[in-house]
Structures are given as structure tokens and as C-alpha cells.
Protein chains: 2
Amino acid sequence: MNKAPIELRFAVVAVDVPVFALLDGVLHVLVSEVNKPPHYINMLAFLGGIIDESENTDEAATRILKEKGNLNSVYLEQLYTFSNVNRDKRNRVVSVAYIGLVKPEVAEAYKHSDARFVAVIKLPKLAYDHNEMLKTALARLQGKLSYTSIAQHLLPRTFTLTELQTVYETILQREFDKRNFRKKILTLDVLEETGEMQAGVKNRPAALYRFKSKQVLDLPLF
Amino acid sequence: MNKAPIELRFAVVAVDVPVFALLDGVLHVLVSEVNKPPHYINMLAFLGGIIDESENTDEAATRILKEKGNLNSVYLEQLYTFSNVNRDKRNRVVSVAYIGLVKPEVAEAYKHSDARFVAVIKLPKLAYDHNEMLKTALARLQGKLSYTSIAQHLLPRTFTLTELQTVYETILQREFDKRNFRKKILTLDVLEETGEMQAGVKNRPAALYRFKSKQVLDLPLF
DNA sequence: GCAAAAGTGTTAGGTATACACCCATGC
DNA sequence: GCATGGGTGTATACCTAACACTTTTGC
């Protein structure tokens, strides 16, 4: 493919991906060390990188999580594009940010040389404009949870209704009445019982459910 | 500012802006002629252009509407970033799309050499990926109308409740009961009466309202 | 038998929906 | 006085929110 005149190509296009996971009922996000003197010395940032000539930004996000974080099976959706002139002090980078969600068993097993899941409330000042990106991502996550079935990507394949409720309570930062929550979610008819029960818990075992559809559906929730 | 290595700068970053207006109760969008042989001959597309080194994409969108369409006072919000490798067949362009909204008096008075407002339902096949962009924009517009006070940017500064209802009915493509619509919108407490009435209409003149706040607020609507 | 979490129904208050007639103005 | 759109209230169904006790399991 032809290229546009060089003077129009002053910016690089990157993707950045805050990948969220719930670990022990606490929202975590994947960060890695950044050490790019003089501006970004020993700071944390989300995984990200520059897109290739042969891919769109969706594909770049998937590739970069794989290459830089050894992460597969991440649910991704585009978040927002950040383009302030000085958002990366080294040179002009326009970043198409994505939100990534992984199931807890993926995050629990995660081991990588420099990337790790850190509790969102414990994050320090991040590199680039990633604090702003985080704020945008959290707001979007709350919105999406409230009117779609996106919670399925933060839960194991099968889960208890209490686990599902905990996802909502953790991310929306409010509590729900157990009976009302169950009534609501069950009448939406998006879950089905697996027929299995929890095993090895030291209390009454709960019934396990799964989402009927792997699609993220629009739902009237909260 | 330093530049990244040239081999990473294969793409240009552009913005594209479908600008919507309601004219006589019909949704219109601003398009201009594109004539870029061999791929795009005498086609229509939304206003758009390449960002400058000194601006972010928000600023670029505002500037381009002014420069290429002589349009000011457009409400803008970022829509989505389109990055498919072949979305522009001439060379690699990553487009950060915005939605623009203008008040009917602006659209009615609009005169420009090649840009014009065309009814959305009458649009032909557009250049680039602008049909896909339109689809995304319309879906977003419906969503925003349903849970924010964005309608204010498609209405004159003062308006009747029937005009407001027509905005909702046109964009959401459903009808509302007049009494229930009024009750709902008035109990939300976002409107105030101007004290003025319509003049020169050949029926009973309606009371004129305005939005209390110029901010776009989140509201529980439909 | 005790600790821990699962599971389950009812009531009251508020919100959404459906529906029809009179009013003010221009011509 | 007629045509046009403006403006208003009520009754019903539905949904939401508040609330407490019994069950099952492991130890």
C-alpha cells in the first residue's frame, strides 16, 4: 500500500490495554514496569505497544497482550482514544485504549517476568496518561456492567449466584439484597443451572450456574 | 518534540465527523463530495481530515469542521476509532471518529459550496468505511439520547415539549404517549419554563422551555 | 452442635402504562 | 365555527425495595 507524505506521519499509533480481573473480591489490573529515562523511570503502566502495518487496533491489542504479557483468552473492547500532544513525553503517540477482562483462574495462575496484577486501589502514579485512562476504564466498566452481561468475562465458566453478586458489588461499589438480586438476574433468563454443586466448601454447597450465551447482551439491570 | 523512528510511522491519524441535525423532524447528516480517483470517484463522505502536530483529536475535529465546513458551535463527542488496514484504499489512515450535533437553526441556515445536510435515510453508498461509521454513530446516538440530556444539542435554545418529544421519537424510532412523556421529563427536573410562548402559530401557542444546565447529564430516561 | 454461607416469599411503595377530552389560536 | 396542535388526570399493572428465617455442609 502507498504511504501518505512523510510530513503527515508525525504520530505513531499505539494500543494500551488495562486488563482487569477480580481476585478474592478485589479489582486488579495488569501492569508492567516501565523504565524509559528521562521521563518514565521505574514506573508502572498498562501493557501496550505500537500497531503493525498489517493489523488493525483490535488485532494489535490481542497480539500485544500475547507478546508482552503471554496472555491469551482476554475479552477485549475498545475504550477510548487518547491523543493529547504530550501524553507520551518522548514523542507523539496516539493511543487507542482497550479494556481487557480475564477470568479469575487466568489471573490467579498468571506468572510473568515483569507484568503482574495489582489491586486498583493500591496503584501508584502511573506512566504516560495511564491514570486518566484507568479512570475512563473504570467508569466504562461500571456502565457496561450495569446494562450488559459483561460480568461473564470476570467470572469462572461456572459460578455461584453469590459470586456473580460479588462482581456487581465490587465494581459498582454498592451492596445488593441477596433475594432481590437473585430474583432479578434469574427473571432475565440469561443464566442456566449446570446441575453441579460446589464441592469441598465448609458450608452448604451452592448451585453452579453458567451464562446461556457467550455473547455480551444488553440487559436492563441496575 | 522528538519523533519516533520513521518505520513506526506508517499510518496517518485522521478524524471524521458525522454531524447530525434534525430538519423538519427528519434526521440529517452533513456530507461532502469526495473525488479521489481511482477508488473514490464522486462519492459522499463525512467531513474529516488529518490531525496537526500541535493538536489532539478533539481540537482537530473542531478545526476541521470550521475549515472544511465553515461550521462552529458543534457539540462533539468521540465515537470510536476505525483502523482497518484497508479502510482508506489510498494509504493507511487510522480515523478517530466523532459525533457532531447541531441545532436546527444552524443546519437550516447552512450554505456551503460542497458540504450539505442530507437525510440519513436517503444516503447512497459512502466513501471509505463511512457507512459502517454511520451505523456506529446512529447506535451511539440512540444510546446517548436514552440515558443523557444530549437532546438539548439537537434543539433550539428554547423549544416546546412537543418538539422535545419529536426528537426522541425520530431518533429512537418509537412513539411516546404525550401525557406520560411530559410527566417523565418534567419530574426529572432538568427543564425550566422560559415564561415565553410560541408566537405566530395557527393553533394554541405552546409554552417554551429550556434546559436548566448546558451540561450533558446522565438521566434515567427510556 | 456450632459456624458459615445457601436458599427462599411477602408486603408496601413507587413507577410505568394506557387512555380521552377540553383549550387557545388563526383563518 | 372549524381545524390544529396544546395541555391535562386517573386507574391499573408492574416493578422495586425492604425485610428474617431455615437449610446444608464441614469440623
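In what follows, every chain begins at residue 1, and chains take the letters A, B, ... in the order their sequences are listed.
- In this model, a donor atom of one side chain and an acceptor atom of the other lie less than 3.5 Å apart for Asp16(A) and Ser95(A).
- The side-chain hydrogen bond (donor to acceptor under 3.5 Å, both in side chains) search around Asp58(B) returns Tyr98(B), not counting sequence neighbours.
- Looking at residues two or more places apart in sequence or on another chain, you find a side-chain hydrogen bond (donor to acceptor under 3.5 Å, both in side chains) between Ser83(B) and Thr57(A).
- Scanning for salt bridge (Lys or Arg N to Asp or Glu O under 4.0 Å) contacts around Glu105(B) gives an empty result, with sequence neighbours left out.
- The footprint of chain B on DNA chain C, defined by a heavy-atom cutoff below 4.0 Å, extends from dA16(C) to dG26(C).
- Each of Asp177(A) and Asp177(B) lies near DNA chain C, and the nucleotide nearest Asp177(A) is the one positioned closer to the 5' end.
- Between the side chains of Thr81(B) and Thr81(A), at least one donor N or O lies within less than 3.5 Å of an accepting N or O.
- Residue pairs meeting the salt bridge (charged side-chain N to carboxylate O under 4.0 Å, His left out) criterion with at least one member in residues 180-190 of chain B, sequence neighbours excluded: Asp189(B)-Lys212(B).
- Within the structure, the salt bridge (charged side-chain N to carboxylate O under 4.0 Å, His left out) test picks out the following pairs touching residues 122-138 of chain B (sequence neighbours left out): Arg87(B)-Asp129(B).
- Here Tyr75(A) pairs with Glu77(A) under the side-chain hydrogen bond (donor to acceptor under 3.5 Å, both in side chains) rule; sequence neighbours left out.
- Side-chain contact, Gln152(B) with Ser149(B): a donor N or O sits under 3.5 Å from an acceptor N or O.
- Remark: Gln165(B) pairs with Glu169(B) by the side-chain hydrogen bond (donor to acceptor under 3.5 Å, both in side chains) rule, at least two apart or across chains.
- Proximity of residues 192-210 of chain B to DNA chain C (heavy atom under 4.0 angstrom from any strand atom) is restricted to Val201(B), Lys202(B), Asn203(B), Arg204(B), Pro205(B).
- First and last contacting nucleotides of DNA chain D toward chain B (any atom under 4.0 angstrom from a heavy atom, 5' to 3' order): dT4(D) to dT10(D).
- Listed by residue number, the members of residues 161-173 of chain B with any heavy atom below 4.0 angstrom from DNA chain C form an empty set.
- For residues 180-189 of chain A, proximity to DNA chain D is found at Asn180(A), Lys183(A), Lys184(A), defined as any non-hydrogen atom under 4.0 angstrom from a strand atom.
- Partner of Phe117(A) under the ring-ring contact (aromatic ring centres under 6.0 Å, His included) criterion, out of Phe46(A), Tyr110(A), Phe20(A): Tyr110(A) alone.
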